Structures are given as C-alpha cells and as structure tokens.
Amino acid sequence: MAQDPIADAVLKLIREQDPDAAGMLERETERQQNTIELIASENHASAAVMHAAGTCLTNKYAEGYPGARYYGGCEFHDQVEDLARDRAKKLFNCRFANVQPHSGAQANAAVFLALLQPGDTFASLELSDGGHLSHGLKVNMSGKWFKPVHYPLHYDENHADFERIDYDAVEKVCMEHKPKLLMCGYSAYPRVIDFEKFRKIADKCGALLHADIAHIAGLVASGEHPSPFPHCDVVTTTTHKTLRGPRGGLILTDNEELSKKFDRAVFPGTQGGPLMHIVLAKAVAFGEALKPEFKAYQKQVKANARALAGALVDLGFRITSGGTENHLMLVDLRTRDAELTGADAEKWLEAAGIICNKNGVPRDPRPPRVTSGLRLGSPAATTRGFGEAEMKTVASMIDRVLQAKGDEGETARVRDEVRELCARFPLHGAPAHASAAS
Ligand SMILES: *Cc1c(COP(=O)(O)O)cnc(C)c1O
C-alpha cells in the first residue's frame, strides 16, 4: 500500500510551529503502524478520508440544512452535505439521512429527543450483555431522563440460542412495560440480528423500532448483514467503525414525518454548527463504501473474524455464543485459565503490541473494570491487508502472551514478531518514514 507524502508534509508543517504537538502526532502514527489493532469499534480510514477531515471546511458555520442555513457563504457546504446525504441514502437504501450528528451517541440523543418525553419508557438489551451506554446507562442522559427496561440474552446453556437474542424475552419485556421505543443493535454482539422479528414485537406492543447499527454499518451497507430497512422506523450508526469513515454519526429513516423531527432534534435540538469538514469526509467515505472493493473488504472482515475465532477455539478458548457471524467476537478467558481476567489480558497484550479491550461476557461475575472476557474485532487488521493466515498467527501470539502472564522475555519476543508482521502491511496514510522506524 502507498505511503502518504501529504501526511509527511503535514507533520513537517506542524513541527515547524509546534514541536510538542508534532512529536505526539508522530508517536501515535508510529504506534498505529507498529501494533495490531483488534478493537472491534476501530478502523483505519483511508488517506482521502483522513485528509478530507483536515480541510478548510472546519472554518465555516453552517447551522441549519442545505438551502436553509443561518449563515451566508454556504454554497459549497450545501453541495457537500447534499452529496453526503445522497450517498448515505443510496448506501443504506432509505429515503432520508441526517449526516450532522457528531458521533453515534449524539445521533441516539437526537432520536430520544425526537421520539420520547422525559420519563418515557424504552426497551434495550441488558447493557452488561453487550448494549451501549447510550441505551440506558444510569449516568447517561438516556438512563437519567428516560426509563429503560432491558431484555436479556438467552442464558440457558442447553438451548441452541445460548447467549443470543432471546426474542421471547424481548416480547415478554415489551408486553409487560409497553415501551414507546424498542432498540436493537449492540456494541458486543457477534451474531446476526433478526430485524423482522423485532418489527413484529414492536407492532405487537405499539413501539417504534430503532436499530443502532453503529458496529455493523459496513456489513449492512455491503449486504453482508441483513438490512434494518424496511423493518425499522429509525436507524442510527457511527461512521468510523466497520463503515471506515471519519469519527461521526448518522440518522436514517424512510418516514418523512420522522425525518423532520430528527432534523430538528439534531439542530437546534442537541447540536449547534455541524462539523462540515467531517461531513466532507463522510461523503468521501460513503463514496468508497459504494464501490465493489468495499464489499470484498467486508467479506474479508467476516472471514478474518471467523478465522481468528476458530483458531482461538482450537487453542482452548471459549467464544461466547459459540462463534461469530460478523466482525467481532467475545472471548471467555476462564475456559483457558480460570484465574485470567480481561484487565490483565488487555494489559499484557498491549505490552506485546496487540491492542484490544477487556469486555464483560454475558452474566460476568467480575466487575466491569476487571471482566472475564476480551472483545476482538477484525475490521482494522483487515484494512491493512491481513488475511486468514495472519489472523491465525495473531491467535497464537495472543495465546503465547496470555500463557506467559506478563513474562518480559516472551512478551518482548512476541512484540518483535508483531513489529515484523506489521512492517509487511504498511498503513496507508502513514508518513513514509513511520513504517521504516524500528
Ligand atoms: C460505538 C457505539 C455508539 C456510540 O458511538 P460514539 O461515536 O462513540 O458516540 C452507539 N451505539 C453503539 C451500539 C455503539 O457500539
């Protein structure tokens, strides 16, 4: 993959003016080049997307929407936002898109503001089973000003749906509490979501249906996961996870009346001026996602996740729900070593240059800062060109690090091998010298 002379020039420019900031940027660039990124919610955006995000569109106020702005000088901003909206609609096959949310949590906040009154009830997955904090955490706005009721995963080990969505439980919770809004879509769920089943339950209990596809948006956009349309009333997502765009959020719907409510809830409801440099980068990323190469990438993301999960199972790890059908997996560490915690595993792996996050497994007895699991994802490693063979190598590296329990010699040996592997797969968008440096 091509190195990036523009990133080199940017680094040089910043260094001339601000060596402290430049040093930090340089070290982070090298960190990304020289470590294996397995955090399931992260990716490496293309050079075009990153540079689009670093443009003069950051200078402009464009409060409002195309054709109806509160500031002059928005001619090209209107064009950019229309381009992003049109591509988003095409990508997800729906009628309306709002590309202004600053993040996934901001997109969800706008949906709540648009559809609920303070104190209203909504239903979502138990957060400790893989839900997102913006789906009703007590200290989040969603949990503080609204009333979340949660449905659990299937907890019966002998059931075929063990650790998968328990649709009977969803229905039971919804019929009992009659939520105004039913949410599906998660942060740590490795299986396919059946949006049609959720639609039936939403209709039965009289709820609107909201899919938060923050994690799986890239898979959905390329047909590698079933679409939430036409089943859902509203769909929110991030743009920086599997979708591989800039950091940001997106609200999608087929319902014209709701779309107007969402637009008002984003601006002026919860945000001021849009980040138009990010909207430009979103347009560029959506353009990339519409190309055939993106579908091939998403297929490889799934194949790589399967390869990593399979290799870990062969090494004696348990993968929750027995495997993965998307880009991520939850590794239950206790089957390999009863004493092993997610916190220790995350720390030891980072020392070896393998970056991931500790994560609770369903009904985890350990607290969230400790946990019994790791969440691993394939999107970022797939972007840099890893295939199934490399993922198997990564699995054995993970096992060696965890067996060594922080032993410095073995950790250093794996660290060297990680560097060598990464050097074979240079990141696009990195300054030319970054991959050469050690
Ligand atoms: C990541 C995520 C979000 C939030 O995204 P931010 O951009 O971090 O605000 C929302 N919902 C789900 C399900 C997520 O996984």
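Keep in mind that this is a model prediction, so the values were computed, not measured. Atoms within each ligand, like the ligands themselves, are counted from 1 in listed order.
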task: Would you please classify the geometry between the Y71 ring and the Y61 ring as parallel, tilted or perpendicular, with 30° and 60° separating the classes?
output: parallel

message: Under a 3.5 Å cutoff, is there a donor and acceptor pairing between the side chains of N255 and T253?
response: no

task: Give a yes/no verdict on whether any heavy atom in R247 is under 4.0 Å from an atom of ligand 1.
output: no

message: Would S187 count as a polar contact of ligand 1, with the cut-off being nitrogen or oxygen pairs under 3.5 Å?
response: yes

task: Using only heavy-atom distances, determine whether the side chains of S134 and N108 contain a donor-acceptor pair under 3.5 Å.
output: yes

message: Please list, in number order, the atoms of ligand 1 under 4.0 Å from a heavy atom of H240.
response: 7 (O)

R375 and S41 side chains, donor-acceptor separation under 3.5 Å: yes

Aromatic ring proximity, centroids under 6.0 angstrom, H177 and Y151: no

message: Does the protein place a non-hydrogen atom closer than 4.0 angstrom to atom 8 (O) of ligand 1?
response: no

field: Which segment of S103 sits under 4.0 Å of ligand 1 when only heavy atoms are counted
entry: both

query: Which ligand 1 atoms, with their elements, are less than 4.0 angstrom from a heavy-atom of A105?
result: 4 (C), 5 (O), 6 (P), 9 (O)

- prompt: Which is closest to atom 6 (P) of ligand 1 in terms of heavy atoms, S134, G104, A107, A217?
  reply: G104

- prompt: Which bit of Q106 gets closer than 4.0 Å to ligand 1, counting heavy atoms only: side chain, backbone, both or neither?
  reply: neither

- request: Answer yes if the side chains of Y297 and T383 hold a donor-acceptor pair under 3.5 Å, and no otherwise.
  value: yes

query: Can we call the ring centroids of F386 and F425 under 6.0 Å apart?
result: yes

message: Is the ring pair H135/H210 parallel, tilted or perpendicular, if the boundaries are 30 and 60 degrees?
response: tilted

query: For atom 11 (N) of ligand 1, what's the nearest protein heavy atom and its distance?
result: D212 OD2, 2.5 Å

message: How far is atom 5 (O) of ligand 1 from the closest protein heavy atom, and which atom is that?
response: T238 CG2, 3.2 Å

query: By number and element, which atoms of ligand 1 are closer than 4.0 Å to a non-hydrogen atom of H215?
result: 15 (O)

message: Any nitrogen or oxygen of G185, side chain or backbone, less than 3.5 Å from one on ligand 1?
response: no

message: Below 3.5 Å, N or O to N or O, backbone or side chain included: is there any such pair between K241 and ligand 1?
response: yes

task: Apply side-chain hydrogen bond (donor to acceptor under 3.5 Å, both in side chains) to the pair E63 and Q271, showing each step before the final yes or no.
output: CA-CA 9 Å; E63 284 181 349; Q271 293 188 173; over 6 Å; no

